[in-house]
Structure formats: C-alpha cells, structure tokens
Amino acid sequence: MQASRARLFKEYKEVQREKTADPDIQLVCDDSNIFKWTALIKGPSETPFEGGVFQLAFAVPEQYPLQPPQVRFLTKIFHPNVHFKTGEICLDILKNAWSPAWTLQSVCRAIIALMAHPEPDSPLNCDSAFSCLWTGNLLRSGDTRGYQSMARMYTRLAAMPKKG
C-alpha cells in the first residue's frame with residue numbers, strides 16, 4: 001500500500017505542476033482519500049461530444065499501479081463502450097491490457113480517444129442496457145447519423161452548462 005500511495009502522490013504533484021499543459025483534463029484528488037479521484041474531461045472536437053464536459057470517478061485499488069483503477073462516467077453519455085446506467089467503461093487498458101506505465105492522466109487521454117473512436121464491435125457487456133442495443137446496433141448497421149444525433153442530444157442534456 002505504501003508503494004501505491006507514493007505513486008499516487010507523485011501523480012498528484014505532476015498534475016499540480018502541469019495543470020495548464022492539458023486543458024482537456026482536470027484531474028482532482030479527494031482531499032481526504034488519495035485513492036479517490038475525479039476528473040472533468042472535455043468532449044473531443046469534431047465528435048457528438050464536442051462542447052460537453054464529462055465527469056469521471058476513479059476508485060484506485062491499493063495494488064495500484066499493478067492493478068488498474070476503476071473508472072466510470074458520472075455524467076450520462078450515449079456511447080457503445082459505456083454502460084448507460086452505471087457509467088462503467090469498456091476499455092482494454094482498464095481490464096486485461098493494463099500496464100503500470102499508465103497514469104490516471106493517461107487513462108483520461110485514452111477515454112477521450114475512445115469517445116472519438118467508439119468500438120461498436122466490442123460493446124460493453126450489459127444485460128438490458130438501452131445504450132448497448134442502440135449505440136452498438138446503430139453503428140454496426142451503418143447509421144452513423146442516428147448514433148451521432150443521439151450522442152449529441154445526451155451531450156446537450158447532461159454535459160453542457162444550462163443556459164438562462
């Protein structure tokens with residue numbers, strides 16, 4: 001556990017030092033628990049998520065960095081690799097392709113890349129989630145416009161500041 005605390009403290013100092021280096025990611029450590037983090041990430045440009053700000057929750061295991069953090073969207077998002085109800089993310093680096101070389105910041109970068117390039121052929125395994133059926137099927141059937149329209153609508157509803 002000491003090694004994971006030291007690693008997280010190092011990452012915390014790095015995030016503090018380079019706050020302006022990556023304007024698309026704002027990573028924040030919980031004041032009372034170094035194993036709990038949140039991030040605000042900007043939706044990638046030229047995607048249905050552009051203009052949105054999405055909140056992520058990180059639960060970092062005591063075996064970090066040997067084991068990956070658990071990361072989920074707190075902001076609702078319409079995406080084939082994200083469970084619509086729980087926000088769980090299906091991303092190989094958070095499962096079987098994890099490496100201790102990854103940092104929380106680089107995980108955020110990978111999630112932004114996933115937002116820009118969904119993987120409809122490997123949707124999140126979910127029982128009844130509407131998004132798995134819809135987003136995966138929309139993209140697999142070639143209905144990119146339908147997918148983008150739904151994703152834009154959810155971005156406007158859940159990830160953009162309310163006007164007025």
Side-chain angles (χ1 to χ4, degrees), residues 1-119 122-126 129 131-132 135 151-152 154-163:
M1 186 157 84
Q2 278 304 99
S4 59
R5 282 184 191 278
R7 166 70 181 261
L8 287 168
F9 189 66
K10 179 181 174 193
E11 288 190 38
Y12 175 78
K13 288 196 297 191
E14 191 75 20
V15 165
Q16 297 306 311
R17 190 171 41 246
E18 296 186 13
K19 270 192 176 172
T20 56
D22 198 339
D24 295 340
I25 300 169
Q26 182 183 352
L27 197 55
V28 179
C29 177
D30 184 286
D31 288 339
S32 61
N33 186 347
I34 198 158
F35 293 100
K36 297 222 176 291
W37 294 62
T38 56
L40 293 175
I41 59 173
K42 291 183 182 173
S45 60
E46 298 180 27
T47 72
F49 311 108
E50 183 173 14
V53 176
F54 299 83
Q55 187 174 17
L56 302 172
F58 285 77
V60 182
E62 290 182 1
Q63 297 79 14
Y64 181 81
L66 299 177
Q67 288 183 357
Q70 289 182 332
V71 188
R72 66 186 183 92
F73 276 89
L74 295 178
T75 308
K76 286 277 182 229
I77 183 170
F78 187 80
H79 192 284
N81 308 110
V82 178
H83 191 289
F84 188 73
K85 290 181 179 167
T86 66
E88 181 187 351
I89 303 164
C90 182
L91 183 59
D92 61 351
I93 64 150
L94 295 175
K95 310 276 190 259
N96 57 348
W98 175 257
S99 160
W102 287 92
T103 65
L104 300 182
Q105 183 91 1
S106 61
V107 167
C108 288
R109 271 270 138 238
I111 292 169
I112 292 170
L114 181 68
M115 290 169 74
H117 305 285
E119 294 289 339
S122 63
L124 184 64
N125 219 350
C126 41
S131 74
C132 288
T135 57
R152 249 191 315 278
Y154 274 98
T155 299
R156 278 198 295 272
L157 290 173
M160 290 183 153
K162 309 290 183 259
K163 294 181 178 153

- Message: Enumerate the side chain to side chain donor-acceptor pair (under 3.5 Å) contacts for residues 26-40, please, sequence neighbours excluded, ordered by first and then second residue.
- Response: D30-S32
- Message: Out of the candidates I41, I111, L40, only one should pair with I25 under the side-chain contact (heavy atoms from CB on, under 4.5 Å) rule; please name it.
- Response: I41
- Task: Classify the angle between the aromatic ring planes of F84 and Y154 as parallel (below 30°), tilted (30 to 60°) or perpendicular (above 60°).
- Result: perpendicular
- Query: Would one find more than 12 heavy atoms of other residues, nucleotides or ligands at under 6.0 Å from atom CZ of F35?
  - Reply: yes
- More than 12 non-hydrogen atoms from neighbouring residues, nucleotides or ligands closer than 6.0 Å to CD on Q16, yes or no? yes
- Note on the structure: Taken in chain and number order and not counting sequence neighbours, the residues that satisfy side-chain hydrogen bond (donor to acceptor under 3.5 Å, both in side chains) with S106 are T103
- Message: Run the side-chain hydrogen bond (donor to acceptor under 3.5 Å, both in side chains) test against E14 and tell me which residues pass, sequence neighbours left out.
- Response: R17
Below 4.5 Å, heavy atoms only, C-beta onward: do [X] and [Y] meet side chain to side chain?
X    : Y    : answer
W102 : P68  : no
C29  : L8   : no
V15  : Q105 : yes
M115 : V82  : no

- Residue list, salt bridge (Lys or Arg N to Asp or Glu O under 4.0 Å) with R5, at least two apart or on another chain: none
- Sequence neighbours left out, what passes salt bridge (Lys or Arg N to Asp or Glu O under 4.0 Å) with R7? Give chain and number order. E11
Where [X] and [Y] come nearest, the two heavy atoms and their spacing:
X    : Y   : value
K85  : H83 : N-ND1, 3.1 Å
C108 : L27 : SG-CD1, 4.0 Å
W98  : P65 : NE1-O, 2.7 Å

- Does the side-chain contact (heavy atoms from CB on, under 4.5 Å) test come out yes or no for T86 and R72, once each step is laid out? CA-CA 7 Å; T86 66; R72 66 186 183 92; 5.7 Å; no
- Query: Hey, is the main chain of L114 close enough, under 3.5 Å, to the side chain of H79 for a donor-acceptor pair?
  - Reply: yes
- Item | side-chain contact (heavy atoms from CB on, under 4.5 Å) between E119 and L91, intermediate numbers included | CA-CA 9 Å; E119 294 289 339; L91 183 59; over 6 Å; no
Could you list the donor-acceptor pairs under 3.5 angstrom formed by side chains in residues 44-60, with sequence neighbours left out?
| unit_1 | atom_1 | unit_2 | atom_2 | d |
| --- | --- | --- | --- | --- |
| T47 | OG1 | P44 | O | 2.6 |
| T47 | OG1 | F49 | N | 3.1 |
| E50 | OE1 | E46 | N | 3.1 |

